[in-house]
Structures are given as C-alpha cells and as structure tokens.
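First comes the structure, then the notes that go with it.
Scope of the values below: all heavy atoms of this structure, side chains included, with no hydrogens, waters or symmetry mates.
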Amino acid sequence: MGGFTVNTSIARRLGAIALAGIVAASLAACSGGDGGADAGAGEGGGEPEKASLTVAINPSTQFAPLYYGLQEGIFEEHGLELEIIPQTDIAAIVSGLASGTYDVGFATVVHAVTANANGIPIRAISSIEGQIQEDDEGTLTIASAESGITDFAGLEGKRVATVGLSSHNTLTMWELVDRAGGDTASIELVQLPFGQMAAALDSGDVDAAIMQWPFAAEALAAGGVELGYNNRELFEGTATTLFNTSQSFVDQNPNTVQAFADAMAESIEGASADPETAKTALVDGLGITEEQAAGARWNIGGDPALNVDAFEVARDLLVKFSTDDSAKAALEELDVSTIVWPGAL
C-alpha cells in the first residue's frame, strides 16, 4: 500500500482513546484551571486581550464562513487579526492548543470529547459552519465505481480511507455500517489526507473513502457512488465541527474568545446569506481554482450556536466502539457540558 497507514484493529478498539498519546505533553500546558462551563465566558464589551491569533485548520470548503469573514473584514471589525495555519493532523492541533502553539484550532466533537476524557481541557468556542441540517452536504462516504458497493452494509470486509484512524469520520462510518447490519471489525482502515482519497479510489487502493469537499467532487466525477452523508444521518440539529481553545486561554483572554465567537457567528450567517461571495473567498483562502470554488459545499444556513447534543452522541459512540474498560469509564464519567464555553451556547 505504499505510504498509506493501515490499521485493522487499533483504531477500531479505541483502547486508549484517540488522543491518549498526547496527554503527558499536554496536561501541564493546560493546567491553567479546569474552569468548565461556568468559567471564562467573557464579560463582553472590552477590547481583545490578544488581537493576533494563530488559528489551525484542516483545510476544506467547510471553512467557507471563516474565509468569508476574513475577506469581508468581519474579524478585523471585532479587533482580531488571524494567521491561518493548515494542519492535516487534528490530534496535532489539539496538542498545539494545549501547548500554546495555536491559540484557536479546529477539532471535531469526537476529538474534543476524547481530549477532555484524557484530562486535556480544551473548550469549544464556536462552530465552523453551524448546526447540521437535514440537507447537509458536508462529510460523505463514497465508494469507488468498481467496488460494487451501494450502501453502508457493503463496506463489510472492505478497505476504507479515512483522514484519521480514530477520527470523527471513522466513528460515524462504523455507526452507519453497524446500523445497516455490517461487521465493523472486518473493515480495513487506510489513513489518508482528503486530497489523496480520490486517487486512491481510482487506483483501487481503497474501496471507499470518507471525504470532504472540494475533494469529493473529483471522486464523484470519476463515477464514485454516494453511500450517504455521515453527519446528516447522525448529528442533525447540532454542530460537529468546532473551533476550540484551551481553558487557560479562555481564563486569560475572555474578551478575545468572545470577539472570535462573535466574528464566527457573524461570518457563518453572512456566508449563508451570500454563498457565492463565500465561495469566491475560498479561491485565495484555500488556494483552489475558481471552478473548484464554484462547486464548494458546506452546511449553508446552519444555526451558529452550539449545544451539547453532539458531545453526548459522540461520547456514547466512543463508549460503544471501545473495548477498553478504563477508556469507557473515563468517557462515562465525563460531563460533556463542561467542554462547551458558555458563550457559544
């Protein structure tokens, strides 16, 4: 399989929970207070304590609201200047938040839950595209034309590309396969960046892939078969993709956190009201072509506010697919409401 990372059991077991490997390096950096949902909500009205922020993202068109906000000067109006840092490894983003390398960073609800279950207090301060709607066109699972797979049950015993072996995408795929009556333990996971998945499908190195736009467009144009939109099936009415920061950053910079959250909410609403302008912002923002930007998809019209529903679902799925008793215990004891910064609710 060349440079692919393949694992058929470690990721499925989730034995140490996805982010356990970064706990030791991160706990000290995050020890500025456990805070929880009652701390650091920000008083509002003050100037940002820190105006220049490093923001790590895993690039895809779901960040159209962010780039819309930057293009339209929304973050500047809120007193903020952002340095966007592309990072394909979400666990590295979480570690960077804990160490202070990044001020704000993208992570899915699964990463946020697993980090906190491991004692790393990161806080979700904003969604990146709002709450999932019934017609969400974000994350989707695509089978290759040659595989013969037409539904999630057909992934049994197949090779599936995923951006992370223990990622949110992997977890949702397992759940949809399980609901369809398939054996999730038989699935062979192949870890790949989104940008390499279409080629892997075309070459036959994988049978299916869990993808994001604009990369999904190439796979579909080559005859790929849509199996389903993962988040639409499992997380309607709640947000799964998040901007996060550390509890210590919240404690030290409450006005900055408030300003960022307000700017993101305004950007999400603005991108929904004017999606064509948001698409053009992706050309420079992501470095994609105008044609790719024109076909961009994200959760247009999503409510910017967070709620705890996604965190509860993610925790339950992590418990379901873990076979490690200590990992399950940590998850079951976790109060997921503490993960969300109150100002985002």
Side-chain angles (χ1 to χ4, degrees), residues 1-18 90 108-111 113-114 132 136-194 196-213 215-216 218-236 240 313-324 327-328 331:
M1 303 287 284
F4 296 171
T5 300
V6 182
N7 192 297
T8 58
S9 60
I10 294 176
R12 184 186 188 285
R13 300 288 183 241
L14 292 174
I17 312 181
I90 300 178
T108 68
V109 63
V110 168
H111 286 90
V113 169
T114 53
I132 301 297
D136 170 60
E137 293 186 319
T139 302
L140 73 159
T141 302
I142 301 174
S144 70
E146 292 75 22
S147 69
I149 300 169
T150 59
D151 57 24
F152 279 98
L155 295 179
E156 181 174 304
K158 302 299 184 180
R159 294 163 296 175
V160 179
T162 180
V163 73
L165 298 178
S166 300
S167 67
H168 175 91
N169 289 353
T170 300
L171 200 67
T172 58
M173 180 270 294
W174 282 336
E175 175 64 8
L176 292 170
V177 170
D178 183 68
R179 290 186 181 188
D183 178 13
T184 59
S186 69
I187 297 171
E188 182 178 358
L189 300 178
V190 179
Q191 186 171 357
L192 285 176
F194 291 127
Q196 296 180 22
M197 290 182 181
L201 284 170
D202 187 59
S203 66
D205 286 312
V206 298
D207 302 297
I210 314 163
M211 303 188 71
Q212 286 281 356
W213 302 88
F215 315 105
E218 183 180 351
L220 293 175
V225 179
E226 289 186 10
L227 302 185
Y229 288 83
N230 299 35
N231 290 330
R232 182 196 300 179
E233 297 292 331
L234 301 175
F235 289 94
E236 182 182 341
T240 63
V313 172
R315 178 189 57 197
D316 292 346
L317 291 179
L318 284 162
V319 169
K320 176 178 179 176
F321 289 105
S322 173
T323 58
D324 182 275
K328 286 184 177 181
L331 288 161

Self-check item: Shortest non-hydrogen contact from M211 toward A219
Solution: SD-CB, 3.7 Å
Quiz prompt | Least distance between heavy atoms, L227 atom then F152 atom | solution = O-CE1, 3.4 Å
Practice problem: Working to the nearest 0.5 Å, report the span between CD of E233 and CG of L140. | Solution: 11.5 Å
Quiz prompt | Least distance between heavy atoms, N230 atom then T141 atom | solution = OD1-OG1, 2.9 Å
Quiz item: Distance from E218 atom CD to D202 atom CG, nearest 0.5 Å?
Solution: 8.0 Å
Exercise. Given side-chain contact (heavy atoms from CB on, under 4.5 Å), test T170 with L165 step by step and report yes or no.
Key: CA-CA 7 Å; T170 300; L165 298 178; 5.7 Å; no
Quiz item: Rounded to the nearest 0.5 Å, what separation is found between the OH atom of Y229 and the CD1 atom of I132?
Solution: 12.5 Å
Exercise. Would you please say whether a donor-acceptor pair under 3.5 Å links the side chains of T162 and Q191?
Key: no
Practice problem: May I ask you to say whether E175 pairs ionically with K320, meaning some side-chain N is under 4.0 Å from a carboxylate O? | Solution: yes
Practice problem: Over all heavy atoms of both residues, which pair between G164 and S167 is shortest? Give the atoms and the distance, please. | Solution: O-OG, 2.8 Å
Quiz prompt | Heavy-atom pair of closest approach, residues I187 and M173 | solution = CD1-SD, 3.7 Å
Quiz prompt | D205 side chain to S203 side chain, donor-acceptor N/O pair below 3.5 angstrom | solution = yes
Quiz prompt | Value rounded to 0.5 Å, distance of CG in L331 from CG in L318 | solution = 5.5 Å
Practice problem: For D207 and L155, run side-chain contact (heavy atoms from CB on, under 4.5 Å): C-alpha distance rounded to whole Å, both residues' side-chain angles, the deciding distance at 0.1 Å, then the answer. | Solution: CA-CA 8 Å; D207 302 297; L155 295 179; 5.9 Å; no
Quiz item: How long is the gap from CG on D151 to CG on L176, to the nearest 0.5 Å?
Solution: 11.0 Å
Practice problem: Tell me, with the steps shown, if R232 and E236 meet salt bridge (Lys or Arg N to Asp or Glu O under 4.0 Å). | Solution: CA-CA 5 Å; R232 182 196 300 179; E236 182 182 341; over 6 Å; no
Quiz item: How far does CD1 of I210 sit from CZ of F194, to the nearest 0.5 angstrom?
Solution: 8.5 Å
Quiz item: Parallel under 30°, tilted from 30 to 60°, perpendicular over 60°: which one fits the rings of W174 and F321?
Solution: tilted
Quiz item: Minimum heavy-atom separation for V313 to L234, with atom names?
Solution: CG1-O, 4.3 Å
Quiz item: Any luck finding a side-chain donor-acceptor pair between T114 and H111 under 3.5 Å?
Solution: no
Quiz item: Does the side chain of E188 come within less than 4.5 Å of V160's, by heavy atoms?
Solution: no
